[in-house]
**Q** 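Take this structure, written in structure tokens, and hold onto it; I'll ask about it next.
Computed over heavy atoms, backbone and side chain alike; hydrogens, waters and symmetry mates excluded. Residue numbers begin at 1 in each chain, while the letters A, B, ... track the order of the sequences. For clarity, every value in this text was computed on a predicted model and none was experimentally measured.
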Number of protein chains: 2
Amino acid sequence: MATISDVARKAGVSTATVSRALNGKSTVDPALVARVRAAAAELGYHPNGLARNLRRQETAVLALIISDVENPFFTSIARGVEDVAQTAGYSVVLCNSDESADKERRYIDVALQERVAGVVLSPTDVSSSIERLRQRGTPVVAVDRPLAESTSDQVLVDTRLAACEATGHLITAGYRRIGCVTGPAGVRTADDRLAGYRDALEAAGVGLRLESRAEYRASGGRQATRELLTESPDALLVANSAMAIGALEALGAAGLRPGRDVGVVAFDDVPWATLIDPPLTVVAQPAYEIGTEAAKLLLARIADPSLPPAATTLGARLIERGSSRRG
Amino acid sequence: MATISDVARKAGVSTATVSRALNGKSTVDPALVARVRAAAAELGYHPNGLARNLRRQETAVLALIISDVENPFFTSIARGVEDVAQTAGYSVVLCNSDESADKERRYIDVALQERVAGVVLSPTDVSSSIERLRQRGTPVVAVDRPLAESTSDQVLVDTRLAACEATGHLITAGYRRIGCVTGPAGVRTADDRLAGYRDALEAAGVGLRLESRAEYRASGGRQATRELLTESPDALLVANSAMAIGALEALGAAGLRPGRDVGVVAFDDVPWATLIDPPLTVVAQPAYEIGTEAAKLLLARIADPSLPPAATTLGARLIERGSSRRG
DNA sequence: TTGTAGGCGTTATCAT
DNA sequence: ATGATAACGCCTACAA
């Protein structure tokens, strides 16, 4: 409630002096600084960030719009973004688009209205509504999934290659009826992982393709796996950790044991991967690093909008555990 | 970049009319509304939320400060808060205090500066720095952990009772050397769960207490469990799902199997609970509901600050699975 | 070194 | 029904 003029009055100085004193500007009499500080403390004065930002025409806030708060992959990204932003004096507001283009648009509107300094976004769609951000000149960096315009900053994972390697690993282990459980068509990572799977089969001359798509959720994984099971696969590549839960449940329900009856590799190294029996072989994506990298890119662009667009691609690594051993 | 006056000029009206037209105020000539809309669209005009909020002296933003973004329990709360807030036209910004009183204070400062409409907080400490929020009159509701002042809104879980029931369940199953792995002293949920454990032992006349505390993390659970193992417990109550991961790892490393060699019950119903063998018996907390309840309380208080403080306590429920069967 | 004053973009009050 | 204008609280030339 207390404003800068209240403090000024109490300290017996002008608002300008209060502003300068509180913002540590070079030239202010130490005695006055003390008086101002005391007055501010006494009044419980907190500068009004709204007014300040309006005046300064900038906000020390970054928006992070992700497609699923409950997915550990995205929360790791969030930590990465936050850690970097924090040390640079920025706050991060996390928004959950929930894989819905509509919510994404709403949050982008909010970001626009609140004049955030920049946006980190995992786009639900290539043709995401970042058009508006561009127009306004708000810096954006895409993570996990690319944007159509190659003119924006992006931090991606070479997920197609990773899927190819993972599938190759299954082939090397001796599996031949390998199924791929992936996300919805149109979701770039889902498409890429499927493509990588196909790459590997082709490279190895394996003709049989067993593919099934569903939502990037446990329920989706369960359903897609059940469908695939009618084709008696001897191994499964699962494109997402949430789906992996459903896939493993479906396998269990069918009396099939990972690593003995069916080889399994899943994307994302979840903390419980080593708790199941046998432990789950995974494709570990550098989620935290994606976050830090994205934040750095964003801060750099905020500092200098004329920078050429940077597209970082990080690698994923296969962690072999028991579930992909040949039964 | 385009401001309201740009739109006004283009539409050939005053800024007042633009404002009224765009905000759907009662009395504006439909023809003008159309002209204004067109001009706004053409200019790619987005109202400046900063200026608007400054003028209106209010923000449609809620801050949610939680102690761990990577904990599914808290992300479920986040979803709950968000879903309710969303339908009421509020945005939610998520902040990660990371179990650090310092970060918490920083985020509270940000919330104060940005003049958010209200705060949902899982306090790192009873004597949390919400003092400042109170002073400013910013509504707060505490979740998961109580605040010292009973004068604030809170949404809690009767976690002591739940721990007591869970321990009772182990006793009923025939276990007698039951250990409790809980979080740091001072963290209210950790203390409460320990207290519930003791309640149950006492009620059943079991004299042997095996207690071990550590950080609410996998590494903490691992360490605490390892310590407890020197006492040859025949069962374990684990106070948190992150710790459960560490505890299960420690058990495995010692060649002990849950449900056969050692009965296990853990707090929080994680999605992978049914994937391990045997499935994990858990105390399921109504996390999503905590979030929705907290948001409703907060919105109610924002609407009417004179409301008497409400303290909701929700129940948790024990889900019996294989890990707590007597071996 | 300090004070005065103007303006950031909106909305609301008061005229018209 | 519409327009001029005064705030909202802060920062920063510019003046003293």
**Q** How long is the line joining CZ of A/Arg35 and C1' of C/dT2, in whole Å?
**A**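 From A/Arg35 CZ to C/dT2 C1': 12 Å.
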**Q** Rounded to the nearest Å, what distance is computed from the CD1 atom of residue A/Ile4 to the C1' atom of nucleotide C/dT4?
**A** 14 Å
**Q** Can you sort out which residues in residues 48-63 of chain A have a heavy atom within less than 4.0 Å of DNA chain C? Ascending by number, please.
**A**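 Within residues 48-63 of chain A, the residues near DNA chain C are A/Leu54, A/Arg55, A/Gln57.
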**Q** Say whether, by atom type as modelled, one donor and one acceptor occur between the side chain of A/Ser97 and the main chain of A/Ile65 under 3.5 angstrom.
**A**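 Looks like no, no N/O pair under 3.5 Å.
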**Q** Whole-Å distance between C/dG9 P and B/Leu22 CG?
**A** 16 Å
**Q** Measuring to OP1 and OP2 of C/dG9, would you say a side-chain N or O of B/Thr3 lies under 4.0 angstrom away?
**A** no
**Q** Rounded off to whole Å, could you give me the NZ-to-C1' distance for the A/Lys25 and C/dG3 pair?
**A**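 It works out to 17 Å between those atoms.
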**Q** Between side-chain atoms of residues 72-83 of chain A and protein atoms elsewhere (two or more places apart, or another chain), which donor-acceptor pairs fall under 3.5 Å?
**A**
residue: A/Thr75; atom: OG1; partner: A/Pro72; partner atom: O; Å: 3.0
residue: A/Ser76; atom: OG; partner: A/Pro72; partner atom: O; Å: 3.2
residue: A/Ser76; atom: OG; partner: B/Glu70; partner atom: OE2; Å: 3.2
residue: A/Arg79; atom: NH2; partner: B/Asp98; partner atom: OD1; Å: 2.9
residue: A/Arg79; atom: NH2; partner: B/Asp98; partner atom: OD2; Å: 2.9
residue: A/Glu82; atom: OE2; partner: B/Tyr107; partner atom: OH; Å: 3.3
residue: A/Asp83; atom: OD2; partner: A/Tyr288; partner atom: OH; Å: 2.5

**Q** Rounded to whole angstrom units, what separation is found between the CD atom of A/Glu114 and the C1' atom of C/dG9?
**A**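 Rounded to whole Å, this separation is 13 Å.
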**Q** Are any protein N/O atoms closer than 3.5 Å to N/O atoms in nucleotides 1-5 of chain D? If there are, list each pair with its distance.
**A**
residue: D/dT2; atom: OP2; partner: B/Asp29; partner atom: N; Å: 2.7
residue: D/dG3; atom: OP2; partner: B/Ser14; partner atom: N; Å: 3.0
residue: D/dG3; atom: OP2; partner: B/Ser14; partner atom: OG; Å: 3.1
residue: D/dG3; atom: OP2; partner: B/Thr17; partner atom: OG1; Å: 2.4
residue: D/dG3; atom: N7; partner: B/Arg20; partner atom: NH2; Å: 2.8
residue: D/dG3; atom: O6; partner: B/Arg20; partner atom: NH1; Å: 3.4

**Q** About how many Å separate CG of A/Leu22 and CZ of A/Arg37, when rounded to the nearest 0.5 Å?
**A** 6.5 Å
**Q** If you measure from CD on A/Glu104 to OG on A/Ser67, what distance do you get to the nearest 0.5 Å?
**A** 8.5 Å
**Q** Return yes if some donor-acceptor pair links the side-chain N/O of A/Ser5 with the main-chain N/O of A/Ala8 below 3.5 Å, else return no.
**A** no
**Q** Determine, for A/Arg105 against A/Asp102, whether the closest basic-nitrogen to carboxylate-oxygen distance falls under 4.0 angstrom.
**A** yes
**Q** Between the main-chain N or O of B/Pro146 and the side-chain N or O of B/Arg188, is there a donor-acceptor pair closer than 3.5 Å?
**A**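 Side chain of B/Arg188 to backbone of B/Pro146, a donor-acceptor pair under 3.5 Å: no, none is there.
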**Q** Under 3.5 Å, side chain of A/Arg35 to main-chain N/O of A/Ala11, donor-acceptor pair present?
**A** yes
